[in-house]
Amino acid sequence: MPERFENDAGTITEVKPQKKLKRPRLYRVLLHNDDYTTREFVVHVLQTVFHLGEQDAIRIMLHVHHNGIGVAGVFTREVAETKIQRVEHLAREHEFPLRLTMEPEEQEDA
Ligand code: TYC
């Protein structure tokens with residue numbers, strides 16, 4: 001609802017309410033295991049596209065290798081989509097079937 005102000009001359013000014021600044025929804029980028037993509041390639045992707053250090057990249061790669069799935073990172077929708085596209089492109093170039101998906105994080109209210 002607009003707020004209305006009236007000055008002494010009777011002029012009415014309506015002020016649009018500020019839109020609540022909502023935090024953007026965040027998405028987990030999930031890395032899926034397969035039998036053909038090399039461990040080195042997965043670590044390379046995690047370091048170059050997801051900017052992880054070598055130790056974290058190895059840890060996440062091994063987690064996915066052993067559990068079938070793991071989180072490569074959490075991003076806004078556009079950033080998550082772009083990273084997935086970059087990895088898909090790189091994987092295709094190397095003829096690896098590496099697969100990534102994304103899912104929304106549950107939104108905290110307030
Ligand atoms: N399982 C693969 C192998 O043994 C390694 C791998 C890890 C592949 C993680 C994909 O997301 C992945 N070479």
Side-chain angles (χ1 to χ4, degrees):
M1 282 270 279
E3 239 184 306
R4 294 175 128 232
F5 298 99
E6 186 170 354
N7 71 8
D8 294 342
T11 306
I12 292 168
T13 307
E14 283 197 347
V15 179
K16 270 196 195 163
Q18 280 278 333
K19 265 208 185 132
K20 269 263 164 65
L21 290 173
K22 286 194 199 146
R23 277 186 267 106
R25 188 177 267 274
L26 295 177
Y27 293 79
R28 284 189 280 268
V29 172
L30 301 171
L31 193 57
H32 298 259
N33 189 35
D34 67 73
D35 292 338
Y36 302 102
T37 307
T38 62
R39 295 174 176 220
E40 292 73 20
F41 181 78
V42 176
V43 171
H44 170 74
V45 154
L46 288 169
Q47 289 187 273
T48 56
V49 177
F50 292 91
H51 306 295
L52 293 168
E54 190 179 18
Q55 299 217 338
D56 285 332
I58 291 171
R59 183 177 50 77
I60 291 172
M61 180 279 292
L62 285 175
H63 175 91
V64 175
H65 178 70
H66 289 120
N67 298 282
I69 195 163
V71 179
V74 177
F75 309 96
T76 56
R77 182 159 53 78
E78 287 80 1
V79 173
E81 283 169 354
T82 305
K83 286 187 190 295
I84 290 174
Q85 281 172 13
R86 284 179 63 192
V87 175
E88 282 174 351
H89 181 81
L90 277 172
R92 228 177 290 133
E93 276 184 345
H94 291 79
E95 301 188 336
F96 287 135
L98 185 61
R99 201 165 75 82
L100 291 92
T101 56
M102 59 195 266
E103 66 177 21
E105 291 226 290
E106 29 296 310
Q107 199 87 304
E108 265 179 55
D109 26 39

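Just follow the structure's listing: the first ligand is 1, and inside any ligand the first atom is 1.
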Pair E105, R28 - check side-chain contact (heavy atoms from CB on, under 4.5 Å), show working.
CA-CA 6 Å; E105 291 226 290; R28 284 189 280 268; 3.0 Å; yes
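- V87 places a side-chain heavy atom less than 4.5 Å from the side chain of L98.
- The protein non-hydrogen atom at the shortest distance from atom 8 (C) of ligand 1 is N33 OD1, 3.4 Å.
- Close contacts of ligand 1 with H32, meaning ligand atoms under 4.0 Å from a residue heavy atom, involve 10 (C), 11 (O), 12 (C).
- The shortest N or O to N or O distance between T37 and ligand 1 is below 3.5 Å.
- Counting heavy atoms under 4.0 Å from ligand 1, residue D34 touches it through both backbone and side chain.
- L31 is not listed as a side-chain neighbour of V45, based on a closest heavy-atom distance of 4.5 Å or more.
- Here is the list of ligand 1 atoms found below 4.0 Å of a heavy atom in V64: 9 (C), 11 (O), 12 (C).
- At the top of the distance list for atom 4 (O) of ligand 1, counting protein heavy atoms only, stands H65 CE1, 3.0 Å.
- Atoms CG and CZ, from L100 and F50 in turn, are 5.5 Å apart once rounded to the nearest 0.5 Å.
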Please report the C-alpha distance between N33 and I69 in whole Å, then the side-chain angles of each, then the deciding distance to 0.1 Å, and finally whether the side-chain contact (heavy atoms from CB on, under 4.5 Å) criterion is met.
CA-CA 6 Å; N33 189 35; I69 195 163; over 6 Å; no
